[in-house]
Amino acid sequence: MTIEQTAPTAPTRERPSAPVQTPGRIGEHTERADGVPKVRGEFEYSSDLWMDGMLWGATLRSPHPHANIWSIDTSEAEEMPGVRAVLTHEDVPGRKVYGMEVPDQPVLAWERVRYQGEAVALVAADHPETARRALEKISVEYEVLDPLTDPEEAMKEDAPRLHLSGNVLKRIDIVHGDVAEAEAEADVVVSGEYEVGMQDQAFLGPESGLAVPDGQGGVDLYISTQWLHLDRDQVAESLGLAPEQVRLTLSGVGGAFGGREDLSMQIHACMLALETERPVKMVYNREESFYGHVHRHPCRMRYEHGATRDGDLLYVKARLVFDGGAYASSSIAVCTNAATFACGPYDVPNARIESHMLYTNNPPCGAMRGFGAVQVCFAHEAQMDRLAKELGMDPLKLRIRNAMRPGIRFPFGQEVPHPAPVREILERVREMPLPEEEEVEGRDLRRLPGGVSNVTHGEGVRRGVGYAVGYKNIGFSAGFDDYSTARVTLSVEDGEPLVRVHTAAAEVGQGLITVEAQIARTELGVERVAVLQADTRVGSAGSTSASRQTYVTGAAVKQACEQVRERFFERAREEYGEGDLAIEDGDVVSDGEAVVSLAELLGGEEIEETVEYHHRETQPLDEKGQGDAHLQFAFAAHRAVVEVDTELGLVRVVEIATAQDVGKAMNPQALEGQIEGGIAQGLGLALLEEIHIKEGKIQNASFTDYLIPTILDMPSVRAEILELADPEAPYGLKGVGEPPTIASTPAIVAALRDATGRELTRVPVRPEQIVGIAEKPPDEPPQPGSRGYSGIGRLDEREEH
Amino acid sequence: VPGYERAELTVELKVIPSSEAESPPREQVEAAKSAASDSGLAREAGPEVTALAGGRREVLEASLKVMEAALDAGAQAVEVRVEAEGEAERFGAS
């Protein structure tokens with residue numbers, strides 16, 4: 001007997017029900033099925049999972065960013081009452097490493113830890129507090145090593161090697177045109193150095209899941225993730241099981257933004273469940289979550305732009321250095337993306353781009369909304385403003401003059417496809433009216449920088465306006481066989497037609513299940529649609545990332561519906577003859593006349609089709625960074641209006657205006673949510689969000705110290721949507737999730753520059769930069785003798801303390 | 001996302017140290033890792049396991065060197081697992 005034949009088919013836990021929706025057709029406002037339960041607190045997130053008799057898992061993590069492990073003693077923990085299992089690397093039954101691109105990360109560390117928070121041992125216990133206390137009883141003997149935390153240092157020949165093949169994870173070079181010749185022709189040259197800090201996805205639902213042994217050697221895992229099948233394959237490999245023995249079901253996901261694309265506790269929970277033969281639940285708390293997922297790559301960028309006196313770009317040179325942290329995650333793809341988008345959405349005839357990705361002992365970095373495009377957009381847009389200033393040109397005119405257009409070549413060699421409406425979206429934001437300037441005197445404090453902190457009543461407040469435009473690929477690139485699977489079933493239930501849609505695509509809060517239902521409604525003309533819980537019983541849908549699901553899974557659902565419809569029509573033709581058939585309001589319509597109800601024709605039967613949709617093939621870049629690497633491109637422009645308290649460095653973003661090409665607005669309500677949410681995340685990177693690292697250790701692993709925008713920080717958003725159909729895409733749609741995040745950050749910083757006249761070359765921008773104390777935050781905290789110290793000093797050294 | 005670094009060939013080498021050799025077991029494993037590291041193709045895949053990934057010829061040549069280094073250091077055996085990537089040609093593997 002094969003494993004497939006013996007693996008249980010019945011779920012080990014009752015599957016969540018699939019609510020029947022009555023969605024609108026595509027293009028119509030449709031309320032999401034999970035909206036009301038989430039607002040009411042009735043939605044089951046993965047952290048709410050429960051099974052009688054379950055145990056609680058916990059993870060022992062390294063306190064050191066770099067250390068040798070000499071011994072691990074678990075005996076004391078094992079003897080604690082209520083402790084059911086204590087596991088180390090020796091208990092990993094299969095492959096001891098995992099990773100999306102390069103399997104370089106230990107499931108549990110054996111000889112060395114490479115970042116603070118790396119998993120070393122696991123405990124399962126009757127109670128979460130017992131598990132936590134047992135962790136304290138595990139004795140690990142470390143030899144602490146100096147952490148390597150600077151990617152520039154990591155690049156040096158004599159740097160300590162963090163991995164067997166050195167510290168350079170990836171280098172991409174793009175050679176486009178003849179930069180040397182262009183340099184000689186340039187009338188104006190501007191250069192600058194820029195830096196982006198480490199942003200966190202800051203999803204609100206922490207990592208959590210429930211692993212349930214099936215009693216036959218396999219395991220079911222209920223998990224919040226972005227890519228069920230990749231999780232399954234990695235889990236199975238490390239458990240030493242066949243993929244069929246590991247079944248994953250998506251549980252309620254409280255946000256993702258790339259941070260759930262890698263594994264966190266998936267293998268750990270399954271190991272504990274199989275060891276104890278009991279269900280095991282793991283939930284990270286907020287602090288542990290900061291150690292439990294990857295972050296946005298910090299990046300240092302050096303740019304040089306050359307142009308004619310008239311403002312035509314002649315060349316761009318850029319050197320990008322990314323801190324990948326301790327393990328690879330998806331850093332190679334980020335390195336590639338950043339290289340390809342480094343010049344921005346402009347006609348750049350000559351370019352020389354170096355993109356470096358380094359291993360360090362900082363926390364691992366990987367996928368986050370914008371994926372490499374965010375960092376370079378901050379830099380290339382700052383450069384465009386700098387060039388405009390040097391030329392004495394309006395910065396928006398300079399952008400429009402150089403906007404890329406269909407038919408030219410990207411610096412990585414691919415032809416710019418239609419539509420590429422860079423000029424149009426820039427003109428749209430220019431034409432939108434500016435918000436009226438409100439008199440500061442007597443203004444409600446909530447509408448002043450600093451808000452109700454009552455720090456300014458208008459004195460020192462200046463307004464600034466800034467523009468930026470960015471773009472990014474949609475879908476997986478560089479040769480990856482990107483596909484999704486959809487199973488669609490048409491049947492009659494309770495006397496009414498019902499369409500069931502089943503995919504493994506992860507709904508992470510973006511509204512995918514609603515779009516799937518809308519597509520089924522549109523293609524089959526049936527009002528009642530149930531989207532089943534995503535799981536691995538159906539084929540892979542790929543990841544919920546790269547703004548790809550509506551495109552790729554949407555196409556799979558559309559094609560499956562078309563096949564179901566065709567089979568249904570075949571049946572109708574047998575009964576009612578040839579004619580121009582359609583389904584309208586539950587009836588089969590032939591040449592405009594209803595001939596039979598869908599329910600009557602189907603009877604007790606159902607029609608089911610499963611489709612695997614693969615998008616057009618892409619190619620990897622060659623040694624000169626050239627190739628048709630990307631599938632689709634999405635563009636968005638932003639205009640930010642800010643008010644700045646120039647004395648205290650406090651900022652109020654007054655308004656963000658944006659124009660975005662979406663191809664087709666599938667669900668306008670969800671689109672609005674993506675645009676506003678993306679702008680919030682872009683605002684966070686501009687002004688607030690940064691994981692502070694000192695000598696490899698996170699200093700602010702909490703939402704008290706890691707600041708994210710609240711409703712009080714959010715400006716009003718004015719959005720114009722362009723629907724320029726992509727002829728290759730289903731319904732002409734474009735991915736919409738990431739573009740709002742990309743250019744909103746540089747637009748805000750451009751507005752800050754406009755208000756203050758300062759360079760502001762690093763994000764997030766801090767008050768001390770705005771008031772001119774320092775262009776960058778100091779590497780060390782203030783010390784006696786440093787500027788301003790005598791007046792303030794450290795709290796614990798003040799005499800009054 | 002997976003697929004960016006598809007190597008034509010991946011070889012996993014597990015060193016089985018000998019307790020009777022002159023050098024201690026740890027050094028036998030380290031000798032293999034050191035040889036693997038010189039190849040520029042290696043990553044750690046377990047306490048005694050090293051993986052080499054890259055073009056077929058370079059991986060096979062490096063594997064031989066790793067095995068020789070392990071055996072020279074006194075290892076009792078080296079377990080080898082070789083895996084070929086079917087689509088490697090598309091990804092520009094040599």
*Asks:* I need the residue from B/Pro47, B/Gly40, B/Ala42 with the largest number of non-hydrogen atom pairs under 4.5 Å to chain A.
*Replies:* B/Pro47
*Asks:* Which bit of B/Ser39 is near chain A, if near means a heavy-atom gap under 4.5 Å: side chain, backbone, both or neither?
*Replies:* neither
*Asks:* Give, as side chain, backbone, both or neither, the part of A/Pro103 having an atom under 4.5 angstrom from any heavy atom of chain B.
*Replies:* both
*Asks:* Quick one: what part of A/Arg161 sits under 4.5 Å from any heavy atom of chain B, side chain, backbone, both or neither?
*Replies:* side chain
*Asks:* In Å and rounded to the nearest 0.5 Å, what is the NE2 to CD distance from A/His163 to B/Glu44?
*Replies:* 8.0 Å
*Asks:* Working note: A/Val102 + B/Arg43, criterion side chain to side chain contact (heavy atoms under 4.5 Å, CB included); need CA distance, chi angles, decisive distance, verdict.
*Replies:* CA-CA 9 Å; A/Val102 179; B/Arg43 60 175 186 269; 3.7 Å; yes
*Asks:* Just jot down the ring-ring contact (aromatic ring centres under 6.0 Å, His included) partners of A/His615, sequence neighbours excluded, or say none.
*Replies:* none
*Asks:* Can you give me the closest heavy-atom contact between B/Ser37 and A/Leu164, atom names plus distance?
*Replies:* OG-O, 2.5 Å
